[in-house]
Amino acid sequence: MVLEYEVEEREIVRRGSEGDTKEAFDFSSKVTFYKKNAKETQSLLSQVSSSQITPSQDCKEIVESQCKYSLESDSDSENASISPGKYDISSYSFQLDPGQSKKQNIKRTYFACQKNPEQLKTSNLNEHITSILEVLEKNSHSQGEKWRAFAYGKAIRVLKNAKFKVNSVEDAKKLHGIGLKIQEKIQEILETGQLRRVQLESSDERTVTFNLFSQVFGAGPATVTKWYSQGFRTLEDLKQKAKLTYQQEIGLAYYEELQQKIPREEVTQIGKIVSDTAIAIVPGLKVVVCGSYRRGRQECGDVDILMTHKKTNCLTDLLPRIIQELEKVHFLTDHLTKIENTDKYMGVCQRAPGMPHRRIDIKLFPRHEWACALLYFTGSGHFNRSIRLWARKLSMSLSEHALVRRYSETEKGEPVPVKSEQEIFQVLGLKYQAPEQRDI
DNA sequence: GGGCAAATACTG
DNA sequence: CAGTAT
DNA sequence: GCCC
């Protein structure tokens, strides 16, 4: 009884934090609430769009206070950028209908989830199934079957987050995101411990080759298909015979190194190198390492660095200058985008000679886009999908640049000025989640 | 059947 | 423009 | 592939 109760709560939490369409329960109940309280929300929105928060004020405030390198967390500056008197987050945090105990439970669980994301994560009771589905997901992905892979991914998350071990198809049916086809697969896994299709594919030349090739940076489904049809089967084939773009050459040259995860400590060091270099060139720059690093991961796939400055608009060549300097000290070894005239750089770096090469992105945003950029590039991907879906249901649209109201399918309104991540959550009527809590 | 997020930048 | 990446 |  208790178990089942908890299961249901977890289920709800998961859906809510994932933002799947069908989190019907979580999300739509919130939508309902939103409509009920449309008036409050309107007033909040007008408050936000009023002069109380403006980009210029934002610039002034942040630049004057703490334009300093912040790796571990910029929560200090985030907090500092909120004036307590103007916004009382607690008064506007999303409250579910108090009259309905069930909904209250959702809310409570929601909080629990936010406090304990690790707990939810560490106990995958369905490893025996998910490990196999993960193969299917990867295979689908490298064949370019985007949405099929998407569905597998969703099923995997559902299974991982389930509070019970799936011992029968009936168990699996309860989980949202598991349809007929995956049910069949689960049945076979439960009966035989494996999946014939996976066995087949793992020794299938086409599948193996697609997986191999699709991990080359710059090669997507179309390119991989072409290479395969041209008869290439190994990385050596590609190096010797394939016609490669410059990006693919780099991707191939560092194929193994770029596969490796980056220890958190190294990301910290890389961040420091970039930050020190950048700030030496442009004092007052704000530099934050985002991505999985900011979410607290111990291992990262790449390094994602965001910068902003109050004078961004007058310093269009800012990023190129920083790039050139980083190149000069042999930190950046290869460029994946052109370095002139850019505010979004992609490249390859090496912390020190002999160390593995790493993928690095450095992006410069104008001050007024800082909050959205931070949110976006901190992710996770799932979290982003979730919050955007939510935004859409509130007739808003969230991008790396801005949070805007949409009046219709095509008509978009003015951006809602937001100067911190907290404000984005606030405007969307969501409880703030720290970066670590977005690692979902 | 259509949606599954959304928007931008770069390459060739 | 298609393809790729973020 | 799943869901509506």
Side-chain angles (χ1 to χ4, degrees), chain A residues 15 18-24 27-28 133 136-137 139-159 172-173 175-186 197 213-227 243-251 258 290-292 301-306 319 335-347 359-365 369 372-373 375-394 396-404 406 409 412 415:
Chain A
R15 290 174 186 170
E18 236 176 82
D20 293 340
T21 335
K22 137 49 162 339
E23 5 302 32
F27 272 4
S28 56
L133 293 185
L136 293 174
E137 180 191 19
N139 292 349
S140 303
H141 204 265
S142 42
Q143 325 252 186
E145 302 181 286
K146 183 182 166 186
W147 295 116
R148 177 166 291 129
F150 178 88
Y152 280 130
K154 191 167 168 182
I156 290 165
R157 290 198 301 278
V158 170
L159 285 162
K173 265 186 204 162
L175 300 172
H176 188 266
I178 300 204
L180 269 179
K181 309 293 281 292
I182 296 187
Q183 280 172 37
E184 288 172 15
K185 291 179 173 65
I186 288 180
R197 172 156 161 202
F213 287 178
S214 62
Q215 296 182 75
V216 175
F217 182 94
T223 309
V224 171
T225 304
K226 191 179 76 188
W227 284 343
K243 183 179 189 313
L244 304 169
T245 67
Y246 181 68
Q247 288 182 337
Q248 290 160 355
E249 275 182 41
I250 306 293
L258 295 185
C290 294
S292 52
D302 62 2
V303 185
D304 206 341
I305 298 179
L306 258 56
L319 193 50
H335 306 311
L336 294 166
T337 55
K338 68 171 195 274
I339 64 171
E340 322 85 49
N341 231 338
T342 183
D343 47 10
K344 285 179 186 164
Y345 171 80
M346 290 193 285
R359 275 277 296 108
I360 184 169
D361 294 337
I362 306 176
K363 300 163 189 116
L364 181 63
F365 281 88
E369 294 180 359
C372 290
L375 187 72
Y376 179 86
F377 288 106
T378 296
S380 68
H382 288 143
F383 177 83
N384 284 347
R385 287 183 150 152
S386 150
I387 196 165
R388 284 169 200 194
L389 202 52
W390 176 236
R392 166 181 284 202
K393 298 194 182 199
L394 300 190
M396 302 184 98
S397 150
L398 182 62
S399 77
E400 74 219 76
H401 295 294
L403 177 64
V404 308
R406 37 165 87 192
E409 286 309 312
K412 288 195 180 171

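Note on naming: letters A, B, ... go to the chains in the order of the sequence lines (proteins, then strands), and numbering restarts at 1 for each one. In what follows, every heavy atom counts, from backbone to side chain, and hydrogens, waters and symmetry copies are set aside.
Under the 3.5 Å distance criterion, the side-chain polar atoms of Asp304(A) are left unmatched by any main-chain donor or acceptor of Cys290(A). The closest donor-acceptor contact from the side chain of Arg359(A) to the backbone of Gly347(A) lies under 3.5 Å. Using a distance-only test at 3.5 Å, with no hydrogens or angles considered, a donor-acceptor pair links the side chain of Gln248(A) to the main chain of Thr245(A). Not one N or O on the side chain of Glu400(A) forms a donor-acceptor pair closer than 3.5 Å with the backbone of Ala373(A).
Taking atom CG on Leu364(A) and atom C1' on dT8(B), their separation rounds to 15 Å, with Å as the unit. Atom P of nucleotide dG12(B) and atom NZ of Lys338(A) are separated by 12 Å, given to the nearest angstrom. Atom CD of Gln247(A) is separated from atom P of dC10(B) by 11 Å (rounded to the nearest Å). For the pair His141(A) NE2 and dC4(B) C1', the interatomic distance rounds to 13 Å; values are reported in whole Å. Distance His335(A) NE2 to dC10(B) P: 14 Å, rounded to the nearest Å. Between the CZ atom of Phe383(A) and the P atom of dC4(B) there is a distance of 18 Å, given to the nearest Å. Distance, Ile339(A) CD1 to dC10(B) C1': 15 Å, rounded to whole Å. For Lys393(A) and dC4(D), the NZ to P distance is 10 Å, given to the nearest whole Å.
Taking only side-chain atoms of Phe377(A), from C-beta outward, the nucleotide of dT6(C), dT11(B), dG1(D) with the closest atom is dT6(C). Taking the side chain of Arg197(A) as heavy atoms from C-beta on, and the options dG12(B), dA5(C), dG1(D), the nearest nucleotide is dG1(D). When each of dC4(B), dT6(C), dC10(B) is scored by its nearest atom to the side-chain atoms of Trp147(A), the top-ranked nucleotide is dC4(B). Taking only side-chain atoms of Met346(A), from C-beta outward, the nucleotide of dT11(B), dT4(C), dA5(C) with the closest atom is dA5(C). Checked against dG3(C), dC2(D), dT6(C), the side chain of Ala151(A) finds its nearest nucleotide in dC2(D). When each of dT8(B), dC10(B), dT4(C) is scored by its nearest atom to the side-chain atoms of Thr223(A), the top-ranked nucleotide is dT4(C). Side-chain proximity of Lys243(A) to dG12(B), dT8(B), dC10(B): nearest is dG12(B). In this structure, the nucleotide among dT11(B), dC2(D), dG12(B) sitting nearest to the side chain of Tyr246(A) is dG12(B). Among the nucleotides dT6(C), dC2(D), dT4(C), the one closest to any side-chain atom of Ile182(A) is dC2(D). Comparing dG12(B), dT11(B), dC2(D) against the side chain of Lys181(A) picks out dC2(D) as the nearest.
Between Phe365(A) and Phe377(A), the distance from one ring center to the other falls under 6.0 angstrom. Taking the six-membered ring wherever Trp is involved, the centroid distance between the rings of Tyr345(A) and His335(A) falls below 6.0 Å.
Among the heavy atoms of the strands, none lies under 4.0 Å from Ala155(A). Residue-level contact check: Asp361(A) touches the backbone only, with heavy atoms under 4.0 Å from sugar-phosphate atoms and none from bases.
Listed pair Thr337(A) / dT11(B) fails the phosphate criterion, with no side-chain N or O lying under 4.0 Å from OP1 or OP2. Phosphate contact (OP1/OP2 of dG1(D), side-chain N/O of Ser140(A), threshold under 4.0 Å): absent. The side chain of Arg359(A) contributes an N or O atom lying less than 4.0 Å from OP1 or OP2 of dT6(C).
With the nearest nucleotide of DNA chain B identified for both Lys146(A) and Lys344(A), Lys146(A) has the one nearer the 5' end.
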